Structure formats: C-alpha cells, structure tokens
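Each remark here refers to the structure printed beneath this line.
Per chain, numbering begins at 1; letters A, B, ... match sequence-line order. Being a predicted model, the structure only gives us computed values, none of them experimental.
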2 protein chains.
Amino acid sequence: MNEAISTPRFSTLGASRIADMLQLLQDSMPIQRRVVRAGDAVYQVGQSFGCLYVVNSGFFKMVNLSGEGREQVVSLHFKGDWMGLDGISNGKYGCDAIAMDTGEIWAIRYDALIQAAVRTPALLTAMHGAMSRELRRDHDSMMSLCTLPADARVAGFLRYWADALDQRGLRTDQFTLRMTRAEIGNYLGMTLETVSRALSKLARVDVIRFTEKGRRDIHIPQIEALTDFIRDMSSPAVGAAAFH
Amino acid sequence: MNEAISTPRFSTLGASRIADMLQLLQDSMPIQRRVVRAGDAVYQVGQSFGCLYVVNSGFFKMVNLSGEGREQVVSLHFKGDWMGLDGISNGKYGCDAIAMDTGEIWAIRYDALIQAAVRTPALLTAMHGAMSRELRRDHDSMMSLCTLPADARVAGFLRYWADALDQRGLRTDQFTLRMTRAEIGNYLGMTLETVSRALSKLARVDVIRFTEKGRRDIHIPQIEALTDFIRDMSSPAVGAAAFH
DNA sequence: CGAAAGATTGAGATATTTCAACTGCGGTGG
DNA sequence: CCACCGCAGTTGAAATATCTCAATCTTTCG
C-alpha cells in the first residue's frame, strides 16, 4: 500500500529487488546463459541435479508427472524466480521445467553457489528468499484449491498474475495470458470449460474485460474488484445476489 | 525396495538420516529446546521471524489463514522436519505452527545457522534438504488436490502418513491418526463427511481396517493396496467395477 | 452419569464435469 | 485468393461427485 503513494500505477520497488538480485548473481558467480523457446525443457524430472536456474526473461511452468501419467502444473515462474530448488534434497529434479515463451535463463551450479556464499553471503540470502517465497506461494495455492470455488480460483489466478507483473514493474491493468484454458484449468484443478465459464462470468460482472485482440488479452479495470469478487464468492450467501 | 531386504518391515535408513541431522544440529549449533502440548502455537502468522524450528518429537500442523477467516492446514510436520522456512523471505512467519500432541521442538536462530554454516557446511545441506523436500511435498499435495477424486486423496493421505512413519523407523502397518475427520478434510480440501465416507469405503474394500480401539486407529494390511486403490480411482472407468 | 465432541450414514441440493455442438481464427495448399 | 483443416475457445444440457443438512451413534471426559 505505502509504495503505491510514490508510484501511482506501478510498484518499482519489487522490480529493483529483482534487478538487484540478478545483478548480484552476475557480479559474484559464474553464470551460464541459455536462450529457450516456447516448449523447451530447461530440465526434466529425474535428471541429475547440479544447477539452479534463475529466470532472466520469459515465462516458465513446472510440471509434475505422477506414476500413471497424471500431469500437473504446480507452479509458474517469472523473471527473477528460481527453478530447480526441489532437486536439492535427493540429487534429481522433481519436475519438468518448461518454457512457455522465448526467454533467457541463467544456470548456476549449486555447489559453486554454496562456495561463493562464503565470500558473498547475500547469495545465500537471495536463494533462501526465493525458496521461502516459493513455499509461501505453494501454501497460497493450496489454500485457494481447498477453500475457493472455481470462479474465485480463476479470479485469484488473475490477481496472482497481476501481482507478479506488478512486482516486476510491468503494467497490471492489461496483460496477455500466455496459457491456454486447458493449462490454466490444470493449474487450478478444474476443467478448461469451467475456466472459460468463470472468465465469461468475470467479464459479465465487469470485473475483467476482454480486449478486441482476442480472448487471451485481459483488461482489469480495478484490481480491488478481483479481491472483492474472491471474498464474495468464498463467503456463501452474502454476495450471491449481487452477482447474477 | 532394496532396504527392505535388510529390514523386513521397517526402513531404518531414513531414520538414521533424521537422527544424524538432529545430532549434527546438537553438536554444532546453540539450540533452544521447548516442550509443547497439543494446541500450543510454536509461532504465529505475522510474528517476527528469527528462528527456524526443528521437530524433535511430536507432531505439528501449519495453518494458513487468509484475509477473511478462511483457515487452511497446508502441511504436517514430523520428527526431523523443519518449520518456519517460509518466514525467511519477508521477516514474518507466514503460518501458524500448531502442536497436535505433546512434543519437543528445537529453536535455532537463522542468523546463527548461517554463521555456523561457514565452519560446518553440512548445516546448510541439512536446511536446504529440508526446504527442498518441503517444496516437493507441496507439489505432491497440489497434484493430489488437482487430479484425484476425494476417495483417492484420502488413500493418498494414509500412504503419506505411512511413508512418514516409515522414514522414521516406526511401524507402518498400524497407526493412530492424530487428526479429526474435520482436520483431515481441511487438509485434503473436502468435508469431514466425505473423509468419513472415504475411510468407510476403504474399509469396505479391505484396503484398510479399523482396529477395535476406535475409528482413529488404522490397520493397513498391505501398503501397495493403497497405491493400487489410488491408481484405480484416478483412471476413470477401469477399476470402477471392482470396487462396489 | 451426562454433556460435549467426534464420527457415521442417509437424502436432497449444488457445483463441477462430461459430452457435444458451434464459432472464430490462422495457416496451408490447391 | 479462397477453401479447408485443426486448434482454442465458448456455451448448453445431462451426468455425477461432493456438499449440506439432519439424524443417530460412540467415545471421551469432567
């Protein structure tokens, strides 16, 4: 809230946090850059763990697949996010990391990071912060999955996306979802039809608007309306009348 | 599988990993012990972050509460598990940590841990391993929430619990669930009635048995039957006929 | 013992899925 | 250039899993 006073529309505070972190990595660690295109795997489940990856640009999903072919998108990663942290414990990556757009990732050797951290403790702080945020984000996802109806989960997803953009200093009132309805549905634990209906409903009550460019570009008149919508849908009867 | 050869019923491999970790902490760090009773809060959401906590004995839940009173159990913690990791990033704990039984936890200062890690790198390995396993566990939970029907989620919960016991060298063929149906349901994203029905169904098809002591003591004739049940329920029509 | 909390079970209500039809769009090739 | 195909998305209607509400039973504990 407070940072919004200094910058009416965008919060550049988070953006500098991320930029500083990337700068720190560049300055104090050997980094291997890699450009990826949509669909490329940064690493795959079961592959031997050695590197952590930091997103420099682009947009990634982590896909967990279970024994009998069930496939689940468990997290999304934007600029500044770390990937591969779940591989530390047993020497193998736990998920597939898939690029959803062209982008650049930085690979850093985990053992090198630990060594460099002796001289540059901020590296450890950065990595721990990333892990900690990911845990927190996971918990938010679980809460959303467990306590919210489908409509509200979709609204929460849009708010999450807008927050992620905001933290990176990007505009949050209008953006392009770079996922299909099926991918969104998978991430949110519902079918693609339910996602579609939820978005239609959000548009009907004017919490979001579709731009002329297509049904993947979304305009959010005011972000608070999303939060209100989530609250109204999660408390049973109260807001039911308001939204037809 | 392989370790089962040396110890027919229990895996002591995981148990020693945990014992070694606790020993390491004791030997190389100042530790503050604290005994807790069922219902006690180790820390609460919003409280200023300073310590990480390691479970020495007992059993704990992490409860996330959202803006308007929605309350969600996001994880469970047994002996050797770390708690409070999600507080690192922003200086405040993200959840309530609640004891579900009498137990002892060890508090270690995060800053002290980082300092001690310079001399004893294994400390860092231990902490990173704990974080990494927690991320992995979260992803498994999400997959379960998103892809499995209620019955299978309950079966998955029992398998998870048995695995946790197994890793600590405890018997896994029979144990006491120390959670109410309501707590289990909250954790699994379903109502207490659905949990009850799922357990009844599991008992009906003889995947589990209730002991004479009450409906909270559960006997699992063979753990593989749980896995089979989950698989059968997650692939639509195939196993539907077998289970009435 | 009696009250309160936990658990089970049934029956109707409801949210979401499933199945299916239809639209719009972009690319490809005749 | 246009016809056609495949993919993404939307929407409707029936099917179904889960929730809600309610009654009953069991266990625990003061």
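In this structure, A/Leu188 places its CG atom 11 Å from P of C/dT17, rounding to the nearest Å. Note: CE (B/Met233) to P (D/dT18) measures 8 Å, nearest angstrom. The nearest whole Å value for the distance from the CZ atom in B/Arg181 to the P atom in C/dA5 is 18 Å. For the pair A/Leu145 CG and D/dT18 P, the interatomic distance rounds to 15 Å; values are reported in whole Å. We find that CE of B/Met190 is positioned 15 Å from P of C/dA7, with the value rounded to whole Å. Residue A/Lys213 contributes atom NZ, which lies 17 Å from atom C1' of D/dA8 at whole-angstrom precision. In this structure, A/Leu148 atom CG and C/dT16 atom P are separated by 10 Å, rounded to whole Å. The CZ atom of B/Arg178 sits 16 Å away from the P atom of D/dT28 (whole-angstrom rounding).
B/Ser75 and B/Arg137 share no donor-acceptor pair across their side chains, judged by distance under 3.5 Å alone.
Each of B/Arg197 and A/Arg197 was assigned the nucleotide of DNA chain D with the nearest heavy atom; the assignment lying further toward the 5' end belongs to A/Arg197. Mapping A/Arg153 and A/Arg215 onto DNA chain C via the closest heavy atom, the residue that lands nearer the 5' end is A/Arg153.
If you check C/dT8, D/dT10, C/dC19 against the side chain of A/Ser196, the one that comes closest is D/dT10. Listed nucleotides: C/dT8, C/dT17, D/dG9. Nearest to the side chain of A/Thr191: C/dT17.
Checked for salt-bridge contact, A/Asp81 and A/Arg168 meet the test: a charged N lies under 4.0 Å from a carboxylate O. By the 4.0 Å N-to-carboxylate-O rule, B/Glu104 lies too far from B/Arg34 to be salt-bridged with it. Residues B/Arg231 and B/Asp228 are paired through a salt bridge, judged by an N-O separation under 4.0 Å between the basic side chain and the carboxylate.
In terms of modelled atom types and a separation under 3.5 Å, the side chain of A/Thr102 and the main chain of A/Arg37 share no donor-acceptor contact.
Proximity of B/Thr194 to the phosphate of D/dC19: a side-chain N or O atom is located under 4.0 Å from OP1 or OP2. Look at A/Arg216 and you won't find any side-chain N or O under 4.0 angstrom from OP1 or OP2 of D/dA8. Listed pair A/Ser200 / D/dT11 meets the phosphate criterion, a side-chain N or O lying under 4.0 Å from OP1 or OP2.
At the heavy-atom level, A/Gly185 lies nowhere under 4.0 Å from the strands shown. Contact annotation for B/Leu199: no contact, since no heavy-atom pair falls under 4.0 Å across all strands.
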